[in-house]
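Worksheet for the structure shown next.
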There are 2 protein chains.
Amino acid sequence: MAEVRNTDTRERILDVAERLFMAHGYDGTSMRQITGEAGVNLAAVNYHFGSKESLIQEVFRRRLDWLNEERMRVLDRLEAEAGGQPVKPSLIVDAFFGTLLRMAEDDARGGMTFLRLLGRTLTEPSEFIRAFLAHEYKVVMDRFKEALFRALPDVPKAEIVWRFHFMLGATSYAIAGTDALRLVTDWQIEEEDSVDRLDRLVPRLMSFLIGGLRAPLPQFDQSGR
Amino acid sequence: MAEVRNTDTRERILDVAERLFMAHGYDGTSMRQITGEAGVNLAAVNYHFGSKESLIQEVFRRRLDWLNEERMRVLDRLEAEAGGQPVKPSLIVDAFFGTLLRMAEDDARGGMTFLRLLGRTLTEPSEFIRAFLAHEYKVVMDRFKEALFRALPDVPKAEIVWRFHFMLGATSYAIAGTDALRLVTDWQIEEEDSVDRLDRLVPRLMSFLIGGLRAPLPQFDQSGR
DNA sequence: CCACAATTCATACGTTCGTTTGAATCATAA
DNA sequence: TTATGATTCAAACGAACGTATGAATTGTGG
């Protein structure tokens with residue numbers, strides 16, 4: 001029996017969809033744009049993926065599976081090296097966010113395109129996309145939260161969760177907004193500090209994240225509660 | 001001549017549009033949903049605003065005009081009080097982000113709904129929305145950047161712009177994702193630390209932002225330029 | 001009260017959307 | 001070569017989209 005699987009059409013659709021979803025969002029991208037730019041027939045998406053919803057889920061799964069497994073591997077190694085001791089917070093942060101950012105240098109894994117798509121989608125309006133991402137992220141998030149709890153035993157857990165949240169936001173936005181920023185800020189910054197210098201973005205962002213994570217705890221107003 | 005202006009229909013459309021754009025995004029919200037929930041005729045939007053594009057611009061303008069003027073007023077006052085001396089960075093950050101967050105307590109100014117809409121829209125895919133926001137923000141952004149340059153004379157300007165960018169992201173995401181976070185983290189945190197406690201979010205976020213802003217400068221790899 | 005502008009309304013226009021269909025083409029195993 | 005399943009294709013479907021129209025209704029100044 002012939003059960004081949006033409007991966008060429010599939011991959012070309014996924015690549016184009018990834019780029020268009022990044023540029024115009026889920027609702028803003030039509031099947032006709034995708035199939036048109038991919039040079040395949042309109043019906044190909046429904047044939048290979050079933051529906052537009054399944055398509056974007058596959059767009060994410062293709063990249064996220066590797067990313068989150070890699071994050072787990074890195075954290076595994078860090079915890080093994082620490083031998084029972086808590087892992088340094090900066091190393092945990094790098095395992096999560098650094099691994100993500102270093103994906104951008106790897107075009108075979110989506111590079112900047114997927115990173116920016118992911119950054120945008122964390123505030124995506126579509127309900128089913130948020131639910132899907134939440135499910136995909138659940139295990140790895142819990143794991144990293146636990147690691148941070150152990151690494152920062154003196155910081156209230158609620159505070160750690162909040163700051164993890166803040167870090168996620170800073171990172172998403174730093175990635176997703178790289179060209180929106182150009183519009184907003186109109187910065188006259190020397191060439192070598194341009195947004196494209198990804199190798200400088202990583203240490204920059206990492207300094208900011210660690211600074212925020214280790215900031216003095218907030219003093220709540222006496223009126224609080 | 002009768003040039004009345006029925007503000008009731010206009011306002012009701014704006015309120016509903018604000019909420020629906022927040023929940024489902026620009027492309028994900030139809031004119032029929034808006035007019036239906038607002039209890040007005042389908043043609044009312046085109047009559048009062050001209051088009052869907054003009055409608056969302058008015059949704060933003062209605063809130064942003066006051067917000068950015070208030071930010072300027074606060075910064076004016078801070079600089080006057082400093083009398084020529086640079087203003088403390090934490091005060092500048094509070095003038096920008098604190099003023100934004102305190103809007104959420106003011107339902108007459110949109111409250112949380114507008115805040116979350118704004119948070120989401122900073123990574124909005126639609127080209128004309130990004131362009132519109134960039135234009136609306138240009139003046140106030142330049143002003144605050146200048147204030148930070150003076151407040152942190154030893155920090156390279158490029159670094160400050162980056163960190164301002166990171167702060168924007170952390171704040172946007174903290175606001176926009178308040179219920180997406182519930183999905184992702186599934187945190188078992190005591191009642192009083194719930195997301196709804198906005199009065200605690202402000203000092204929490206502010207500590208994080210200041211910590212990030214004042215973090216040690218990043219060390220670039222020897223390989224980098 | 002009348003005249004006229006402002007507003008509301010039901011309805012329709014043309015387009016684009018995601019999806020489906022059934023035939024045509026391709027590739028492979030027997 | 002032939003049979004069979006995998007894939008591609010052109011065409012069409014009904015639904016929903018943003019917008020436009022012209023008549024009906026409302027409100028107000030003269």
Side-chain angles (χ1 to χ4, degrees), chain A residues 1-60 62 121 124-129 131-132, chain B residues 1-60 62 121 124-129 131-132:
Chain A
M1 55 212 69
E3 53 176 57
V4 187
R5 313 241 119 233
N6 187 339
T7 70
D8 189 49
T9 300
R10 272 182 64 96
E11 293 290 312
R12 210 154 66 243
I13 290 175
L14 287 173
D15 288 343
V16 172
E18 184 174 73
R19 179 166 48 80
L20 290 182
F21 285 144
M22 178 271 284
H24 308 116
Y26 177 74
D27 289 317
T29 304
S30 73
M31 313 273 287
R32 284 169 178 80
Q33 283 173 20
I34 296 171
T35 53
E37 294 200 19
V40 304
N41 188 270
L42 170 60
V45 169
N46 286 282
Y47 175 77
H48 284 283
F49 301 96
S51 68
K52 192 183 179 186
E53 289 203 1
S54 303
L55 170 60
I56 196 175
Q57 291 189 10
E58 191 55 37
V59 166
F60 279 109
R62 178 172 70 145
T121 308
E124 171 74 30
S126 293
E127 190 62 45
F128 85 94
I129 297 183
F132 168 75
Chain B
M1 55 211 70
E3 55 175 55
V4 187
R5 313 242 117 231
N6 186 339
T7 70
D8 189 51
T9 299
R10 272 181 64 96
E11 292 291 311
R12 209 152 69 243
I13 290 175
L14 287 172
D15 288 343
V16 172
E18 184 173 73
R19 180 166 48 82
L20 290 182
F21 285 144
M22 178 271 285
H24 309 116
Y26 177 74
D27 290 317
T29 303
S30 74
M31 313 273 292
R32 285 168 177 83
Q33 283 172 19
I34 296 171
T35 53
E37 294 200 20
V40 303
N41 189 271
L42 170 60
V45 169
N46 286 283
Y47 175 76
H48 284 282
F49 301 95
S51 68
K52 191 184 180 185
E53 288 203 1
S54 303
L55 170 61
I56 197 174
Q57 291 189 10
E58 191 56 36
V59 166
F60 279 110
R62 178 171 71 145
T121 309
E124 172 72 31
S126 293
E127 190 62 45
F128 85 94
I129 297 183
F132 168 74

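Note on naming: letters A, B, ... go to the chains in the order of the sequence lines (proteins, then strands), and numbering restarts at 1 for each one.
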Using a strict 4.0 Å threshold on nitrogen-to-oxygen distance, state whether B/Asp15 and B/Arg19 make a salt bridge.
no
May I ask you to verify if any side-chain N or O of A/Ser30 is less than 4.0 angstrom from the OP1 or OP2 atom of C/dT16?
no
Rounded distance in Å - CG (B/Leu20) to P (D/dG18):
12 Å
What is the distance, rounded to the nearest whole Å, between atom CG of B/Asp8 and atom C1' of D/dG27?
14 Å
For the atom pair CG (B/Leu55) and CZ (B/Phe60), what is the distance rounded to the nearest 0.5 Å?
10.5 Å
Atom pair CD (A/Gln57) and CZ (A/Phe128), whose distance is rounded to the nearest 0.5 Å:
6.0 Å
Nearest 0.5 Å, what's the CZ-CD1 distance between A/Phe21 and A/Ile56?
4.5 Å
Rounded to whole angstroms, how far apart are CZ on A/Phe49 and P on C/dT20?
16 Å
Using a cut-off of less than 4.0 Å, is there contact between a side-chain N or O of B/His48 and OP1 or OP2 of C/dT8?
yes
May I have the distance from A/Tyr26 (atom OH) to C/dC17 (atom P), rounded to whole angstrom?
13 Å
Does anything in residues 33-45 of chain A come within less than 4.0 Å of DNA chain C? Heavy atoms only, and list the residues if so.
A/Leu42, A/Ala43
Nearest heavy atom decides the nucleotide; on that basis, is B/Glu53 or A/Tyr47 closer to the 5' end of DNA chain D?
A/Tyr47
In whole Å, what is the span from the CZ atom of A/Arg32 to the P atom of D/dA11?
14 Å
How far does OG of B/Ser54 sit from NE2 of B/His48, to the nearest 0.5 angstrom?
14.0 Å
At what distance, to the nearest 0.5 angstrom, does NZ of A/Lys52 lie from OH of A/Tyr26?
5.0 Å
For the CD1 atom of A/Ile13 and the OH atom of A/Tyr47, what is their distance to the nearest 0.5 Å?
11.5 Å
Shortest side-chain distance from A/Met31, nucleotide among D/dT7, C/dT19, D/dT19:
C/dT19
What nucleotide among C/dT19, D/dT7, D/dT19 has an atom nearest to a side-chain atom of B/Asn46?
D/dT19
Take the protein atom NZ of B/Lys52 and the nucleotide atom P of D/dA20, then report the distance between them rounded to whole Å.
15 Å
Please report the distance, rounded to the nearest Å, between CZ in B/Arg12 and C1' in C/dT8.
12 Å
A/Thr9 vs D/dT8: side-chain N/O to OP1/OP2 distance below 4.0 Å
yes
